[in-house]
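Remarks on the structure that follows.
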Amino acid sequence: MSAAIYFVVPGQPVGKGRPRASTRGGFVRMYTDAKTLSYEAAIAHQATFAMSVWSVFDTAISLRVVAFYGIPGSWPKRKQLQALNGELIPGKPDLDNV
(Lines give C-alpha, C1' and ligand atoms only; values in the text may rest on other atoms or scores of the structure.)
Protein backbone atom coordinates (compact mmCIF):
# COMPACT_ATOMS: atom_id res chain seq x y z
CA MET A 1 0.00 0.00 0.00
CA SER A 2 1.35 3.37 -0.96
CA ALA A 3 0.19 6.67 0.45
CA ALA A 4 1.45 10.20 0.80
CA ILE A 5 1.15 12.53 3.74
CA TYR A 6 1.59 16.24 3.15
CA PHE A 7 1.81 19.05 5.64
CA VAL A 8 2.99 22.65 5.65
CA VAL A 9 4.81 24.47 8.40
CA PRO A 10 4.00 28.15 7.91
CA GLY A 11 6.68 30.82 8.15
CA GLN A 12 10.33 31.10 7.25
CA PRO A 13 12.39 27.86 7.54
CA VAL A 14 14.48 27.72 10.73
CA GLY A 15 17.71 25.75 10.99
CA LYS A 16 18.44 23.57 14.01
CA GLY A 17 20.42 25.64 16.47
CA ARG A 18 23.52 24.34 18.17
CA PRO A 19 23.13 23.11 21.73
CA ARG A 20 23.85 25.79 24.31
CA ALA A 21 25.60 25.28 27.63
CA SER A 22 25.30 27.05 30.94
CA THR A 23 26.51 26.34 34.43
CA ARG A 24 24.36 26.24 37.50
CA GLY A 25 25.60 25.12 40.90
CA GLY A 26 28.90 24.01 39.41
CA PHE A 27 27.21 21.69 36.89
CA VAL A 28 27.09 22.17 33.14
CA ARG A 29 23.59 22.12 31.68
CA MET A 30 22.97 21.67 27.95
CA TYR A 31 19.82 23.15 26.41
CA THR A 32 18.22 23.97 23.07
CA ASP A 33 17.51 27.62 22.22
CA ALA A 34 13.91 28.89 22.21
CA LYS A 35 13.76 29.56 18.46
CA THR A 36 14.68 25.94 17.65
CA LEU A 37 12.25 24.58 20.25
CA SER A 38 9.44 26.70 18.84
CA TYR A 39 10.06 25.57 15.24
CA GLU A 40 10.37 21.91 16.28
CA ALA A 41 7.03 22.23 18.11
CA ALA A 42 5.41 23.72 14.98
CA ILE A 43 6.69 20.82 12.87
CA ALA A 44 5.51 18.27 15.44
CA HIS A 45 2.06 19.88 15.60
CA GLN A 46 1.57 19.90 11.82
CA ALA A 47 2.96 16.36 11.40
CA THR A 48 0.81 14.97 14.23
CA PHE A 49 -2.31 16.48 12.70
CA ALA A 50 -1.43 15.21 9.19
CA MET A 51 -0.67 11.68 10.43
CA SER A 52 -3.61 11.40 12.82
CA VAL A 53 -5.39 8.93 10.52
CA TRP A 54 -2.45 6.50 10.67
CA SER A 55 -1.90 4.26 13.66
CA VAL A 56 1.40 2.55 12.77
CA PHE A 57 3.65 2.50 9.74
CA ASP A 58 4.41 -1.11 8.83
CA THR A 59 6.59 -0.34 5.84
CA ALA A 60 9.58 1.77 4.91
CA ILE A 61 8.99 5.49 4.66
CA SER A 62 10.75 8.29 2.83
CA LEU A 63 10.82 12.01 3.47
CA ARG A 64 10.93 14.91 1.06
CA VAL A 65 11.35 18.44 2.38
CA VAL A 66 10.56 21.48 0.26
CA ALA A 67 11.58 24.74 1.87
CA PHE A 68 10.66 28.19 0.56
CA TYR A 69 13.09 30.92 1.56
CA GLY A 70 12.39 34.63 1.55
CA ILE A 71 14.88 36.97 -0.08
CA PRO A 72 16.88 38.69 2.66
CA GLY A 73 16.25 42.43 2.81
CA SER A 74 19.89 42.91 3.76
CA TRP A 75 21.03 41.70 0.34
CA PRO A 76 22.06 44.40 -2.16
CA LYS A 77 19.49 45.21 -4.87
CA ARG A 78 21.61 43.39 -7.47
CA LYS A 79 21.50 40.12 -5.49
CA GLN A 80 17.79 40.57 -4.75
CA LEU A 81 17.10 40.94 -8.48
CA GLN A 82 19.19 37.82 -9.23
CA ALA A 83 17.16 35.90 -6.64
CA LEU A 84 13.87 37.12 -8.15
CA ASN A 85 15.07 35.93 -11.57
CA GLY A 86 16.00 32.50 -10.18
CA GLU A 87 19.73 33.01 -10.77
CA LEU A 88 20.60 33.00 -7.06
CA ILE A 89 18.98 30.94 -4.33
CA PRO A 90 18.87 32.14 -0.73
CA GLY A 91 20.29 29.17 1.14
CA LYS A 92 20.29 30.02 4.81
CA PRO A 93 19.63 27.98 6.77
CA ASP A 94 21.06 24.93 5.01
CA LEU A 95 18.35 22.47 4.02
CA ASP A 96 20.00 19.68 6.05
CA ASN A 97 19.63 21.86 9.17
CA VAL A 98 15.93 22.58 8.60
Checklist entry - What closest approach, in Å, do Q46 and P10 show between heavy atoms, and which atom pair accounts for it? => result NE2-CD, 4.3 Å
Checklist entry - Are the side chains of Y31 and S22 in touch, meaning some heavy atoms are under 4.5 Å apart? => result yes
Checklist entry - Would you say the side chain of T36 lies within less than 4.5 Å of the side chain of E40, judging by non-hydrogen atoms? => result yes
Checklist entry - Do you know which two heavy atoms are closest between L88 and W75, and how far apart they sit? => result CD2-CZ3, 3.8 Å
Checklist entry - Are Y69 and I43 connected in the hydrophobic side-chain network, where two residues link if heavy atoms are under 4.5 Å apart? => result yes
Checklist outcome for this item: Heavy-atom closest pair (L84 atom, I71 atom, distance to 0.1 Å) is CD2-CD1, 3.6 Å
Next on the checklist: Hydrophobic cluster membership, with links at side-chain heavy-atom distances under 4.5 Å among I/L/V/M/F/W/Y: are V65 and F7 in one?
Outcome noted: yes
Checklist entry - Between V9 and L63, is there a shared hydrophobic cluster once you connect ILVMFWY residues whose side-chain heavy atoms come closer than 4.5 Å? => result yes
Checklist entry - Is the side chain of S52 donor-acceptor paired with the backbone N or O of F49 at a distance under 3.5 Å, no angle test? => result yes
Checklist entry - Within the distance-only criterion (no hydrogens, no angle test), does the side chain of T48 pair as donor or acceptor with the backbone N or O of A44 below 3.5 angstrom? => result yes
Next on the checklist: On a heavy-atom basis, which atom in P72 and which in Q80 lie closest, and how many Å separate them?
Outcome noted: O-NE2, 3.4 Å
Item to check | Verdict with supporting geometry, V14 and Q12, side chain to side chain contact (heavy atoms under 4.5 Å, CB included) | outcome: CA-CA 6 Å; V14 176; Q12 188 79 352; 5.7 Å; no
